[in-house]
*Asks:* 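If you scroll down you'll find the structure; I have some questions about it.
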Amino acid sequence: MSLRCIILDDYQNVAFSLADWASLAPKVTTTALHQHYADQDALVAQIAEADILVVMRERTPLTAELIGRLPKLKLVVTSGMRNASIDLHACAERYIAVCGTASSSAAPLELSWGLLLGLARHLVTEHQALRQNGPWQQTLGRGLHGKTLGLVGLGKIGAEMAKVARAFGMDVCAWSQNLTADRAAACDARLMPSLHALMRESDVVSVHLVLSERTRNLIDRAALAEVKPGALLINTSRAALVDQEAMLAALNAGTLGGAGLDVFEQEPLPADHPLRQHPKVLATPHLGYVADSNYHTYFTQAVEDIHGWLTGAPLRSLH
């Protein structure tokens, strides 16, 4: 009898077109789920017989409770090499192998700039007005040349953000808990002495950090109170890096001029959530890594990982 592999949350129904899943036959039979199952009972009804799960980043958390309800599970493959929503301890206790794939930072970088530019120039508002025969030119966009981009985090994506900002003629400043003067200088950015100093200096604040207990709610009410009046906030990293209630309060008060968001504390975002309809928010449904190039890598390497596991080859262990 062949093993059963299930691909979770294949929202765009593209997994089978981007990799040679048929090469796993007859040892492995693969199916894909194209909708998200938030209810655990409904999810278990779909995947209880799975020997292998292929998961897309943090769309469906593999908690200890869920893993305990999947008696046949032997292998988990995730897109990317970091997935905080997989309980690795629970997997280890069950001798479930966990591995990942490569992932490019180009797609989230590009989306960060898409949100920034769309927010600064009111592209959605003007597009909708044009489509609906509404007012011709109703907003005054913000030019970026000569403005300051504040980067909270200067890792791989943050450093690339700095390069693009310079191409737009922007000044760049940066801060994070571990950022050094040498690293900032190498990225052609000014090192700020504190987060609050960065908030006061920046016309646009863009967040590029890994979520941890130390960075959770790092941009809190006090930090947002220091923001330059009308500044824009961009977050394509993790929602919990920013205190969501404080952000909403700052948007409502006009302290923040707008927010470009791709990440949310609950995904999919509830239909009645205020961020869905807020006039100062430009939001996308966690599309940062959702690009053809990344997806080809994810699914191609997932097939490679399964082949490797079947033959006892070394797996790509998560960071």
Side-chain angles (χ1 to χ4, degrees), residues 9 11-12 35-36 38 56-61 85 105-132 134 138-139 141-142 144 149-153 157-158 161 164 199 202-209 211 215-221 223-224 227 230-291 294-295:
D9 300 309
Y11 295 157
Q12 294 87 2
Q35 69 181 80
H36 179 74
M56 182 65 72
R57 301 296 294 268
E58 286 111 19
R59 289 180 182 173
T60 294
S85 69
S105 60
L109 166 72
E110 293 161 0
L111 184 71
S112 296
W113 278 101
L115 288 170
L116 198 164
L117 292 167
L119 197 61
R121 299 300 295 269
H122 308 287
L123 295 187
V124 173
T125 298
E126 296 292 0
H127 169 76
Q128 289 176 339
L130 187 147
R131 279 288 183 89
Q132 299 165 7
Q138 59 182 308
T139 63
R142 302 184 186 201
L144 299 180
L149 173 66
L151 295 169
V152 183
I157 296 178
M161 289 289 295
V164 178
M199 301 296 280
S202 304
D203 299 286
V204 181
V205 175
S206 193
V207 186
H208 302 282
L209 292 173
L211 179 64
T215 59
R216 186 176 297 276
N217 286 334
L218 180 69
I219 299 181
D220 57 11
R221 195 172 299 274
L224 289 167
V227 75
L232 306 179
L233 175 67
I234 308 297
N235 188 4
T236 59
S237 296
R238 290 294 180 269
L241 295 166
V242 180
D243 182 322
Q244 299 294 286
E245 290 187 6
M247 179 183 69
L248 273 168
L251 288 167
N252 291 334
T255 311
L256 273 178
L261 307 174
D262 186 48
V263 287
F264 309 93
E265 288 191 320
Q266 183 179 349
E267 297 182 5
L269 195 64
D272 60 349
H273 197 285
L275 288 176
R276 279 189 178 266
Q277 303 297 331
H278 201 289
K280 293 183 179 179
V281 170
L282 176 58
T284 48
H286 206 155
L287 295 177
Y289 57 90
V290 180
N294 259 350
Y295 268 42

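No hydrogens, no waters, no symmetry mates; every other heavy atom, side chains included, goes into these values. Here the structure is a predicted model, which means the values were calculated and not measured.
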*Asks:* Between R59 (side chain only) and D9 (backbone N and O only), is there a donor and an acceptor less than 3.5 Å apart?
*Replies:* yes
*Asks:* Would you compute the distance between atom CG of L248 and atom NZ of K280 and round it to the nearest 0.5 angstrom?
*Replies:* 11.5 Å
*Asks:* Do you know which two heavy atoms are closest between H208 and L151, and how far apart they sit?
*Replies:* CD2-CD2, 4.0 Å
*Asks:* What distance separates R221 CZ from E245 CD, expressed to the nearest 0.5 Å?
*Replies:* 7.0 Å
*Asks:* Going by the angle between their ring planes, with limits at 30° and 60°, are Y289 and Y295 parallel, tilted or perpendicular?
*Replies:* parallel
*Asks:* Verify, without hydrogens or angle tests, whether R276 (side chain) and P270 (backbone) share a donor-acceptor contact under 3.5 angstrom.
*Replies:* yes
*Asks:* Quick check: are there more than 12 heavy atoms from other residues, nucleotides or ligands sitting under 6.0 Å from CD of Q277?
*Replies:* no
*Asks:* Under 4.5 Å between any side-chain heavy atoms of L261 and L115, yes or no?
*Replies:* no
*Asks:* Strictly by modelled atom types, are T139 and E126 linked by a side-chain donor-acceptor pair under 3.5 Å?
*Replies:* yes
*Asks:* Which residue is it: T236, T215, N235, L218? I am looking for the one with a side-chain contact (heavy atoms from CB on, under 4.5 Å) to V207.
*Replies:* N235
*Asks:* Can you name the nearest heavy-atom pair linking G153 to L209, along with the distance?
*Replies:* CA-CD2, 3.5 Å
*Asks:* Between atom CG of L275 and atom CE of M247, what is the distance when rounded to the nearest 0.5 Å?
*Replies:* 5.0 Å
*Asks:* To the nearest 0.5 Å, what is the distance between OH (Y11) and CG (L287)?
*Replies:* 11.0 Å
*Asks:* Are there more than 12 heavy atoms of other residues, nucleotides or ligands under 6.0 Å from atom CZ of R121?
*Replies:* no
*Asks:* Report the distance from atom CG of D220 to atom CG of D243, rounding to the nearest 0.5 Å.
*Replies:* 6.5 Å
*Asks:* I need the L251 CG to L256 CG distance, nearest 0.5 Å.
*Replies:* 5.0 Å
*Asks:* Locate the shortest heavy-atom distance separating L119 from L282; write the atom from each residue and the value.
*Replies:* N-CD2, 3.6 Å
*Asks:* Nearest heavy-atom pair of I234 and S112: which atoms, and what distance?
*Replies:* CG2-O, 4.0 Å
*Asks:* Side-chain contact, heavy-atom cut-off 4.5 Å: L116 with L144?
*Replies:* yes
*Asks:* Check S202 against A231 and note the closest heavy-atom contact, atom names and distance.
*Replies:* O-CB, 3.6 Å
*Asks:* Of all heavy-atom pairs between A239 and Q244, which one has the smallest distance, and what is that distance?
*Replies:* O-NE2, 3.0 Å
*Asks:* Strictly by side-chain hydrogen bond (donor to acceptor under 3.5 Å, both in side chains), give each pair with a member in residues 246-272 just once, sequence neighbours left out.
*Replies:* N252-H278, D262-T284, E267-H286
